[in-house]
Q: 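Shown below is the structure under consideration.
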There are 2 protein chains.
Amino acid sequence: MSETQTYPVEARNRVKRRHDRGFYDHETVHRLLDAAALCHVAYVVDGQPYCTPTLFWREGTRLYWHGSSASRMLRNLSEGQPACLTVTHFDSLVLARCGFNHSADYRSVMAFGQARLVTDPEEKRQALVMMVDRFFPHRTAGLRQSTEQEIKATAVVVMEIETASAKIRAKGVADDEEDYDLPIYAERLPIRTVIGAPEPCPRLQPGVARPADLAAYRAERPLEEALAEAHAAVYRD
Amino acid sequence: MSETQTYPVEARNRVKRRHDRGFYDHETVHRLLDAAALCHVAYVVDGQPYCTPTLFWREGTRLYWHGSSASRMLRNLSEGQPACLTVTHFDSLVLARCGFNHSADYRSVMAFGQARLVTDPEEKRQALVMMVDRFFPHRTAGLRQSTEQEIKATAVVVMEIETASAKIRAKGVADDEEDYDLPIYAERLPIRTVIGAPEPCPRLQPGVARPADLAAYRAERPLEEALAEAHAAVYRD
């Protein structure tokens, strides 16, 4: 995939506030998506907006996420309905010399499209494999196979990205020039999301060891690094 | 405030999927909100849902967040429009012995109401103070005062929580009983969001030290602890 491909800029994805922070190229958008497991999806039912957190993954220009067949979000999806999937990497709180310049560093993506239920059996079976293997490469092959009932009870949603934008602030303290002369304390307070020490299930059978494929997930590593590495091991685009 | 107050359970906030994970009491909902700085807000413009990340805070049963007067979200807010504000604490990835039982531990809140612009000058001035002081107690008093232009350029949105729900999964690996006999590796992979070493602005004036009020924000501390402590120092409910 060429690194110069971009998503179309239109009314719904144009970065309006602080447009200097906006990016539309596939590379930037996809890199931020692939470094995340958690997203928030906005959708509308009877005029009421909902914002639902869920795990998701990207395959090309498609986003997949899952839910139970009983969930509210999925009831009206068979026809496809407009959705917005957002990922946010929260990088810092910024303490400035005036209230107005207090801010945060972040890297976010908003992706727009029509969400629809995956109903084709083969597409769904493949998606249920990637729902695990995207995070933990090659893991499904070593698991107890899914039952028909389990497959039926899991709904998979797919959304072709019609358009998207990334928004990035990464400059820490940025005060008005004349304010730097003031005797006021200012700082950038970094925030990071990290992996803790893995907690093996206390009921493991004797001799069952942690697979080498999980090596990317090690204590104190930034979660986004491990997620990006796992994605790259499975999808090569 | 009594700890037994609850939000009304109705169609839009009832936890449908895994209803055993649902909570509606003020104490649980508010505790999860006050441990966060980042939220995602869903709203609708011309039938199109948007999911926007932003900083927010709680005051009683009201939620406040901010944006520029130029932002898309705020254009149609003067009359009030339905919104859903969601906070998610992402606590682990769970690797089970079958695909279906792969999961995540999390604590989330979805809050519903009508979002409206804060237009009353005194209410807005007070909100702009709390936008800083809620995170960094007593900080505004020591800052360069906001100009009229800065106040005008900052839009504040408020939403009275009409109803809300919390959803919590906190059980790590939970396999089907018969699957524990299988020679398959399973683990809980903890995830935490922590504060890094504060980075003082390189342009501080000589003798300007870090205020004691920032002591809650120290390296390696979970961000949610510092945020909850700061909230409790400012709001006593």
Side-chain angles (χ1 to χ4, degrees), chain A residues 12 16-17 38 40 42-44 48-51 53 55 68 70-72 82-84 86 88 90 95 97-100 102 104 108 128 132 136 140 142-144 146 150 173 179-180 182-196 198-201 203 205 208 210-211 217 223, chain B residues 12 16-17 38 40 42-44 48-51 53 55 68 70-72 82-84 86 88 90 95 97-100 102 104 108 128 132 136 140 142-144 146 150 173 179-180 182-196 198-201 203 205 208 210-211 217 223:
Chain A
R12 62 184 160 165
K16 288 188 163 47
R17 178 172 175 250
L38 174 73
H40 287 76
Y43 57 99
V44 190
Q48 172 68 52
Y50 292 88
C51 181
L55 301 182
S68 153
S71 84
R72 184 188 292 112
C84 173
T86 297
T88 306
F90 184 23
L95 291 78
R97 291 168 177 81
C98 67
F100 188 73
H102 276 65
S108 64
L128 292 178
V132 171
F136 312 112
T140 297
L143 295 176
R144 190 262 290 153
S146 295
E150 287 172 341
V173 176
D179 288 347
Y180 286 102
L182 298 171
I184 299 174
Y185 183 79
E187 75 179 16
R188 177 180 185 273
L189 199 55
I191 294 165
R192 64 185 201 285
T193 298
V194 297
I195 298 167
E199 299 166 2
C201 176
R203 296 179 65 183
Q205 292 300 313
V208 173
R210 194 173 198 249
Y217 294 89
L223 175 63
Chain B
R12 64 183 159 164
K16 290 191 164 41
R17 178 171 175 250
L38 176 72
H40 288 76
Y43 57 98
V44 192
Q48 171 68 52
Y50 292 88
C51 181
L55 301 182
S68 150
S71 84
R72 184 187 293 111
C84 173
T86 298
T88 306
F90 185 22
L95 291 75
R97 291 168 177 83
C98 68
F100 189 73
H102 277 65
S108 64
L128 292 178
V132 171
F136 311 112
T140 298
L143 296 176
R144 188 264 287 155
S146 294
E150 287 172 341
V173 176
D179 288 347
Y180 286 103
L182 299 171
I184 299 173
Y185 183 78
E187 73 179 17
R188 177 180 185 273
L189 199 56
I191 294 165
R192 62 186 201 286
T193 298
V194 297
I195 298 166
E199 299 166 2
C201 177
R203 296 179 65 182
Q205 292 300 312
V208 172
R210 192 172 199 247
Y217 294 90
L223 175 63

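Each chain gets a letter, A, B and so on, in the order its sequence line appears, and its residues count up from 1. Only heavy atoms go into these numbers, but all of them, side chains included; no hydrogens, no water, no symmetry mates.
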Q: Return the orientation label for the His102(B) and Phe136(A) ring planes: parallel under 30°, perpendicular over 60°, tilted otherwise.
A: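 Geometry flag for Phe136(A) against His102(B): tilted rings.
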
Q: Is there a side-chain contact between Pro53(A) and Phe90(B), using heavy atoms and a 4.5 Å cut-off?
A: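 No; the side chains remain at least 4.5 Å from each other.
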
Q: What heavy-atom pair brings Leu189(A) and Pro198(B) nearest, and what distance separates the two atoms?
A: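 It is CD1-CG, 3.8 Å.
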
Q: Considering all heavy atoms of both residues, which atom of Arg203(B) and which atom of Arg97(A) are nearest to each other, and what is their separation?
A: O-NH2, 3.3 Å

Q: Relative to chain B, which segment of Leu128(A) carries a heavy atom at a distance below 4.5 Å: side chain, backbone, both, or neither?
A: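 For Leu128(A), no heavy atom lies under 4.5 Å from chain B.
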
Q: Under a 4.5 Å cutoff for heavy-atom pairs, which residue among Cys84(B), Ala42(B), Pro190(B) has the most contacts with chain A?
A: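 Highest number of pairs under 4.5 Å: Pro190(B).
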
Q: Under 4.5 Å from any heavy atom of chain A, what part of Ile191(B) do you find: side chain, backbone, both or neither?
A: both

Q: What part of Ala83(A) lies closer than 4.5 angstrom to a heavy atom of chain B: side chain, backbone, both or neither?
A: backbone

Q: Flag the pair Val194(B) / Arg192(A) as yes when at least one side-chain heavy-atom distance between them is below 4.5 Å, and no otherwise.
A: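 The answer is yes, as the side chains (C-beta and beyond) meet within the 4.5 Å cut-off.
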
Q: Give the minimum heavy-atom separation between Pro200(A) and Glu187(B), together with the two atoms involved.
A: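 Residues Pro200(A) and Glu187(B), closest heavy atoms: CA-CB, 3.9 Å.
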
Q: Compare every heavy atom of Pro49(A) with every heavy atom of Val44(B), then report the nearest pair and how far apart it is.
A: CG2-CB, 3.7 Å

Q: Could you look at Leu55(B) and say if it's the side chain, the backbone, both or neither that has a heavy atom under 4.5 Å from chain A?
A: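 Leu55(B) touches chain A through side-chain heavy atoms alone.
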
Q: Nearest 0.5 Å, please: how far is CZ in Arg144(B) from CG in Leu182(A)?
A: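 CZ of Arg144(B) is found 7.5 Å from CG of Leu182(A).
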
Q: Let me know if Ser108(B) has heavy atoms under 4.5 Å from chain A in its side chain, its backbone, both or neither.
A: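 Side chain of Ser108(B) only, per the 4.5 Å heavy-atom cut-off to chain A.
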
Q: Main chain of Tyr180(A), side chain of Gln205(B): is a donor-acceptor contact present, judged purely on distance under 3.5 Å?
A: yes

Q: Picking from Ile184(A), Val132(A), Val173(A), which has the most non-hydrogen pairs under 4.5 angstrom with chain B?
A: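 Of the candidates given, the most pairs with chain B belong to Ile184(A).
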
Q: Who wins among Ala104(A), Cys201(A), Ser146(A) for the most heavy-atom pairs under 4.5 Å with chain B?
A: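 Option with the greatest count: Cys201(A).
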
